[in-house]
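Below: one structure, written as structure tokens.
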Amino acid sequence: MLKTHDCGALTKDSIGQTVTLAGWVHAIRNHGGVLFIDLRDRSGIVQTVYSTPDTLKTAAAFSLEYVIQVEGVVRQRPQGTANDDLTTGAIEILANKTTLLNPATPSPFSIADKTIEAAEETRLKYRFLDLRRAKMQRAIRTRHEFVYAVREFMNKEGFWEIETPILTKSTPEGARDFLVPCRLHPGTFYALPQSPQIFKQILMASGMERYFQIARAFRDEDLRADRQPEHTQIDIEMSFVEKEDVFALVERMLGHTLGKVFAVKLPERFPRTTYQEIMDKYQSDKPDLRYPDILRRKFDDVFAKTGFKVFAAALAEGRSIYALTMPQAAEKISRSELDRSVATAKEMGAKGLAWIKFDGKGLESPIERFLSPEEKTAITERSRPGDILFFCTEDAPLTEKILNTLSKRLVEVLAIKPVTDLTLTWVTDFPLLEYNKEESRYQATHNPFTAPHAQDIPLLKTDPTKALSHQYDLVINGMEMGSGSIRNHRRQVQEELLGLMGHSKAQIEDRFGWLLSALEHGAPPHGGIALGVDRLVASFLGETSIREVIAFPKTQKGACPLSAAPSTVEDAQLKEVGLRLR
């Protein structure tokens, strides 16, 4: 090793020792006849001192982020010069030999500053510099500690960590697949897994009983702060269980891991609520219960006979009118922020966004003149002085997405304080299927392998959208942190569901035959869950974007500024796999 000690490991007990350190020049202070360099490695920072002619001459040539080796003696800092901000603040290294290991060109942003003003594109282009910052090192270290604690817990619970393939078969459900052409079989493609779903169910049919994996998953979908084209999940599957068994395991696991890594004490049992109950109360299946006064309500009854054409058209076309209420925001919010909110909704696909302020006396809104006295009265009766309401009339999934985005952003902009730091809720009993009018078929609301409630199986032949499922989500602070279900372990039910989803018998056999074969050979009842590592770590570190806890993330456009991926490839490479670009 080029060093005998880590910089941050030295203490008063080290005084008098001769040590060799290696790291980066974090800060330089030249006081004439004495020069100080703060030396940094991943363990921390220690002050090194240069006072002899030889060491001064060498050290004076160094600049920030130079990589150097320092040999010297640990001594106590002079009285009054201790630095309480450093764990090594009571000692310093009197250098007697210094070696330059590698110079560095000037950095585009400061490594030493606690905050950074560089654009995200710049940070990601120079990610090797960004990752040197203390904040980023803490995030990556914390992520490691969390994953290690998960493995530690799951091993004690009798789970086996089993790797499933990265190159697999495309199954047209959920998000779009990333496809990989196969050179050995021209005209055929692998797909990168959106999850290890089918493989982990086959592992249950194989008698593994308790499987987990820190799994990589890939989805070709639009990106946002909590979504990347590739992510990491704690993937779990268990045999001979019901949903409460899965809940109990996850509650113990998160209690252990989050308690160990973040010193968070979780309740032994998380609250449970059904999908219907939470939608009736919050108009969202993942409400942020830290802010109980931020409401989402349906206003269809208020505008049932409205003369406002936008609302009337929405109701006539079968859409509902939802309002997001931000309490005590009317006086705090600026007109530019209102305009920005409208622009955000349009960027997400809305035709528009209406807002109404209520000051306790009357309403202020661009649409106020289109509302009847009765409608104005009804709105004031459902509001409190200082409220501002945002109305959205898109289809339910887009409306929920828009109102979720707005509420999270406005909480930050308006500095609204939560009533509690942490809320956890299991959401259960989701609808099994929904009807896709554009494609004239049913589709799974969550997972196409989810089991329906036993008493609802007859509804698959009469009214499939009424059937409830054994799907469950774990919602923490308004974010879905985990999603899972009890699966179909009998071929007949799974095959019937795939048929309802528009797959022909031939397609079912081609796309899912390998799973169905495993089910009919004695698959046990089983279920599981996948929890997002990126989201969990980011949330408990207080980060708003999962990019802050991923070593090499993509931008919101799916690009990697560091490596310049995605990129073109040479014609010879395309020819090898039988592809030609048009």
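For the numbers below, each heavy atom of this structure counts, side chains included, while hydrogens, waters and symmetry mates do not. Just so you know, residue 1 is the first one in the sequence shown, and it goes up from there.
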- Query: Which atom names give the shortest non-hydrogen contact between T273 and E277, and what distance separates them?
  - Reply: OG1-OE1, 3.1 Å

- Item | SB check D359 K361 (cutoff 4.0 Å) | no

- Task: Indicate whether the side chain of D235 and that of Y211 have a donor and an acceptor atom separated by less than 3.5 Å.
- Result: yes

- Side-chain donor or acceptor of Q194 paired with backbone N/O of A175 under 3.5 Å: yes

- Task: May I ask you to test the Y291-N477 pair for a side-chain heavy-atom distance under 4.5 Å?
- Result: no

- Task: Answer yes or no for R252 and F153: cation-pi contact, defined as NZ/CZ to six-membered ring centre under 6.0 Å and angle to ring axis within 45°.
- Result: no

- Please step through side-chain contact (heavy atoms from CB on, under 4.5 Å) for the pair M326 and D387, ending with a clear verdict. CA-CA 6 Å; M326 300 299 295; D387 282 356; over 6 Å; no

- Minimal non-hydrogen separation, I214 against I234, with atom names: CD1-CG1, 4.2 Å

- Message: Taking the ring centre of each residue, are F391 and F311 less than 6.0 Å apart?
- Response: yes

- Query: Do F262 and T142 pass the side-chain contact (heavy atoms from CB on, under 4.5 Å) test, and can you show the C-alpha distance, the side-chain angles, and the key distance before you say yes or no?
  - Reply: CA-CA 9 Å; F262 297 99; T142 301; 3.5 Å; yes

- Apply salt bridge (charged side-chain N to carboxylate O under 4.0 Å, His left out) to the pair E496 and K461, showing each step before the final yes or no. CA-CA 9 Å; E496 184 175 1; K461 291 183 169 39; 3.0 Å; yes

- Taking the side chain as every heavy atom from C-beta outward, state whether R272 and E244 have any pair of such atoms under 4.5 Å apart. yes

- Item | Donor-acceptor contact present, side-chain T555 to main-chain A559, <3.5 Å | yes

- Under 3.5 Å, side chain of D300 to main-chain N/O of I321, donor-acceptor pair present? yes

- Query: Looking at E237 and R487, does any basic side-chain N land under 4.0 Å from a carboxylate oxygen?
  - Reply: yes

- Ion pair R219/E230, N-O distance below 4.0 Å: no

- Query: Counting only N and O atoms by type, is there a donor-acceptor contact under 3.5 Å from the side chain of R535 to the main-chain atoms of E480?
  - Reply: yes

- Item | L289 and V419, any side-chain heavy atoms less than 4.5 Å apart | no

- Shortest non-hydrogen contact between A454 and P458, atoms and distance: O-CD, 4.1 Å

- Query: Is any side-chain heavy atom of S341 closer than 4.5 Å to a side-chain heavy atom of F390?
  - Reply: yes

- Message: So for atom NZ, which belongs to K135, do other residues, nucleotides or ligands contribute more than 12 heavy atoms lying within a distance under 6.0 Å?
- Response: yes

- Message: Atom CZ of residue position R138 - does it have more than 12 heavy atoms of other residues, nucleotides or ligands inside 6.0 Å?
- Response: no

- Item | Side chain to side chain, L531 and I236, heavy atoms closer than 4.5 Å | yes

- Item | Check against side-chain contact (heavy atoms from CB on, under 4.5 Å), L124 and L562 | CA-CA 6 Å; L124 295 183; L562 175 64; over 6 Å; no

- Query: Just by distance, do the side chain of D456 and the backbone of L468 share a donor-acceptor pair under 3.5 Å?
  - Reply: yes

- Message: If only side-chain N and O atoms count, and only distance matters, is there a donor-acceptor pair under 3.5 Å linking Q233 with S195?
- Response: no

- List the atom of S407, the atom of R296, and the distance in Å for their closest heavy-atom pair. OG-NH2, 3.9 Å

- Query: How are the rings of F308 and F370 set to each other: parallel, tilted or perpendicular (split at 30° and 60°)?
  - Reply: parallel

- Item | Considering all heavy atoms, the nearest I486-E242 contact | CD1-C, 3.7 Å

- Query: Has the side chain of K346 got a donor or acceptor atom that lies under 3.5 Å from a matching backbone atom of K351?
  - Reply: no

- Item | Ion pair E251/R269, N-O distance below 4.0 Å | no

- Message: What's the separation between atom CG in L422 and atom NZ in K265, rounded to the nearest 0.5 Å?
- Response: 12.5 Å

- Heavy-atom pair of closest approach, residues N488 and A451: OD1-CA, 3.1 Å

- Ignoring hydrogens and angles, tell me if any N or O in the side chain of T168 forms a donor-acceptor pair with the backbone of P165 under 3.5 Å. no

- Message: Whether the N404 and R409 side chains hold a donor-acceptor pair (N or O, under 3.5 Å, no angle test) is what I'd like checked.
- Response: no

- Would a distance-only check, ignoring hydrogens and angles, find a side-chain to backbone donor-acceptor pair under 3.5 Å from D534 to T232? yes

- Message: When you compare the side chain of I140 with that of V549, does any pair of heavy atoms fall below 4.5 Å?
- Response: no

- Message: Can you see whether E434 engages T465 through a side-chain donor-acceptor pair at a distance of less than 3.5 angstrom?
- Response: no

- Query: Is any side-chain N of the basic residue among K305 and E375 closer than 4.0 Å to the acidic one's carboxylate O?
  - Reply: no

- Does the side chain of S469 reach to within under 4.5 Å of the side chain of D429, using non-hydrogen atoms? no

- Task: Kindly say whether the aromatic ring centers of F247 and W426 come within a distance under 6.0 Å.
- Result: yes

- Task: Using atom types as modelled and distance alone, determine if a side-chain donor or acceptor of Q443 lies under 3.5 Å from a backbone N or O of P448.
- Result: no

- Task: Please check if atom CG in D421 has more than 12 non-hydrogen atoms from other residues, nucleotides or ligands closer than 6.0 Å.
- Result: no

- Message: I'd like to know whether F218 forms a side-chain contact (heavy atoms from CB on, under 4.5 Å) with I166, so could you lay out the CA-CA distance, the side-chain angles of the two residues, the decisive distance to 0.1 Å, and finally the verdict.
- Response: CA-CA 9 Å; F218 307 84; I166 293 296; 4.1 Å; yes

- Item | Validation row: R297, T325 side chains within 4.5 angstrom (heavy atoms) | yes

- Query: For E400 and S284, what are the C-alpha separation, side-chain angles and deciding distance, and is it a side chain to side chain donor-acceptor pair (under 3.5 Å)?
  - Reply: CA-CA 6 Å; E400 183 180 357; S284 170; 3.3 Å; yes

- Classify the side-chain pair N447/S485 by whether it contains a donor and acceptor separated by less than 3.5 Å. no

- Starting from the C-alpha separation in whole Å, work towards a yes-or-no answer on salt bridge (charged side-chain N to carboxylate O under 4.0 Å, His left out) for E120 and R547. CA-CA 10 Å; E120 184 177 63; R547 293 189 291 276; 2.7 Å; yes

- Message: For the residue pair S483 / Q471, report whether a side-chain donor-acceptor contact shorter than 3.5 Å exists.
- Response: yes

- Message: If I take atom CG from residue L398 and atom CD1 from residue I402, how far apart are they, to the nearest 0.5 angstrom?
- Response: 3.5 Å

- Does a salt bridge link K332 with E337, judged by any charged N lying under 4.0 Å from a carboxylate O? no

- Task: Would you check if the distance from the ring center of Y472 to the ring center of F430 is below 6.0 Å?
- Result: no

- Message: Between the side chains of R227 and E221, is the shortest nitrogen-to-carboxylate-oxygen separation below 4.0 Å, so that they form an ion pair?
- Response: yes

- Under 3.5 Å donor-acceptor, T405 side chain and K401 backbone: yes

- Message: For the CD atom on Q455, are there more than 12 heavy atoms of other groups (residues, nucleotides or ligands in this structure) within a distance under 6.0 Å?
- Response: yes

- Take the angle between the ring planes of H470 and H453 and call it parallel below 30°, perpendicular above 60°, tilted in between. tilted

- Message: Does E548 form a salt bridge (charged side-chain N to carboxylate O under 4.0 Å, His left out) with R123? I'd like the steps, not just the answer.
- Response: CA-CA 11 Å; E548 296 301 310; R123 289 179 58 202; 3.0 Å; yes

- To the nearest 0.5 Å, what is the distance between CG (N436) and CE (M501)? 12.5 Å

